[in-house]
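The structure appears below as structure tokens.
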Amino acid sequence: MCSVTRTGTVHVKIQTRYYVCMQIQKMLISQAEAVLKANRVGNATKPAPGLYPHQWFWDSCFIAIGLRWTNIEQAKAELRSLAKGQWHNGMIPHIIFSDELGYHFGPDKWQSSKWSGLQDVQTSCITQPPMLAEAVYRVGIQLSTIERKEWYQEMLPVIIAYHTWLYRERTLGDSPFISLIHPWECGLDNTPYWLKIMRQNIPLKLKILQFLHLEKLLNKTRKDTKQVPASERPEPIDLYIFYNIIRQAKQNGYNARRISNTKAPVIEDLVFNAIFIRANDLLMTIAAEIDYSIDADLVAHCKNTKAKIDQLYEQGTFWSRDVTTGKLIKEQTIANFITLYSGALSTEQAQAMMNDLHGDGIWRPAYGVTTTPTNSRWFLPKNYWRGPVWVNMNWLIIDGLRRYGYHKEAEVMRNQTIAMVANGGVCAEYYSPIDGTPAGSPQFSWTAALTIDLIKTTKLKIATNE
Ligand code: 2M8
């Protein structure tokens, strides 16, 4: 049963939980296209109206992965726009600011032109998960051989400069892994393993507010909760710690080596590194297709990171590492499962992941994977990265499952995800893992784009370069 309201929004009620019929799939694609069109600003797409009025790095990669099915030129433009924001040192920033006002942490807070080498583009001064190689590669698959080669010639130098920057600026000591200086860099902003480390060093002013049980007062000054209920956003103390870490990072020139000598959190983040390992493989695949010779040092680094992933393995699973103490941060979250996407796991490790996925409170019967298990002390069903199901996380896990040959499980999760979005009706930012209620911002671009991609990629041949 489908109905279209007077505002044009498609409301869909489906009979069976995990199967979405062709008619509804078609309507979902139209609904998703309308969301992407409405969120388009110039050559890029904002993640959502109101709450996120600029271009975000990994959002745009997911958006291009969806757009390649409906408007390949826009998919290319989306990624070219990211390349325009690339700093002269190779970093791709997590936000490229548009002229829209109202974001809760705008360009004036960062002052990027002091470091970026760009005078005409304002950006943030930190990065986000390196999804660019995947997006470039998938856009390439849709093109003719000649066009694909041209596309790869154009975009490969951007990817190489970015990965080279990550190795040069973000590997600390002898570690083969990338260090992050802010939870916004991993994209799962208030995920428990970051909160645990961040909350060990709460600034005095915030501690006083906490002591007086007045931290809710902070909600009065925040902008993000004008768009979305406070209960669905990071807790006030955490948001103000996020802001504070940026201020400290700025005082240290956003330099990870300097920051690692302060009390600020620095983490070898599992989600980021898993995505990076996959991105390195794709970089090589793209280079091989156009006979592009990659610098031997970069090749060696890429191989080393993948080969050493077991350094993050303990007690039968993978964890992020706290750079300050050198210890693994043993908080179970969806990060454990994103390692499937890396392609770096042994067959036994992938099987262990499959068993864990079926463990208590993780793979929800109708929706996919919780970002924080329902039995965790951190779990909140509608709060941002503390529990809700996110379509991009399901997408990464589905892709990983396919790569390890778990096609049946991947297909179940694909159908669940499409059904969850269809039932929710608004292309929501995230969904409660308890009952699938939409939460966060409606009209969310990567939900729209990846729903298109999930509907279209039933039989996509997954490339590997092993
Ligand atoms: C969220 O993060 C931004 C900061 O980067 C915010 O809360 O203001 C995260 O969900 C992040 O992963 C996402 O890229 C961004 C835009 O959708 O929003």
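Order of listing sets the numbers, starting from 1, for every ligand and every atom in it.
Contact check on E134 versus R138 returns a salt bridge, with a Lys/Arg side-chain nitrogen under 4.0 Å from an Asp/Glu carboxylate oxygen. With respect to R377 and E331, a salt bridge is recorded, a charged nitrogen being found less than 4.0 Å from a carboxylate O.
Taking 4.5 Å as the limit, every side-chain heavy atom of Y367 sits out of range of all side-chain heavy atoms of Q416.
Defined by atom type and a distance below 3.5 Å, a donor-acceptor pair is missing between the side-chain atoms of H94 and T127.
The heavy-atom pair separating D189 from W194 by the smallest distance is O-CB, 4.4 Å.
Note: W446 and W58 have perpendicular aromatic rings, judged against thresholds of 30 and 60 degrees for the angle between ring planes.
Within 4.0 Å of ligand 1, protein heavy atoms belong to P47, Y52, W56, W58, D59, H94, Y103, H104, Q128, W184, G187, D189, R233, Y384, W385, W390, F444, W446, listed by chain and number.
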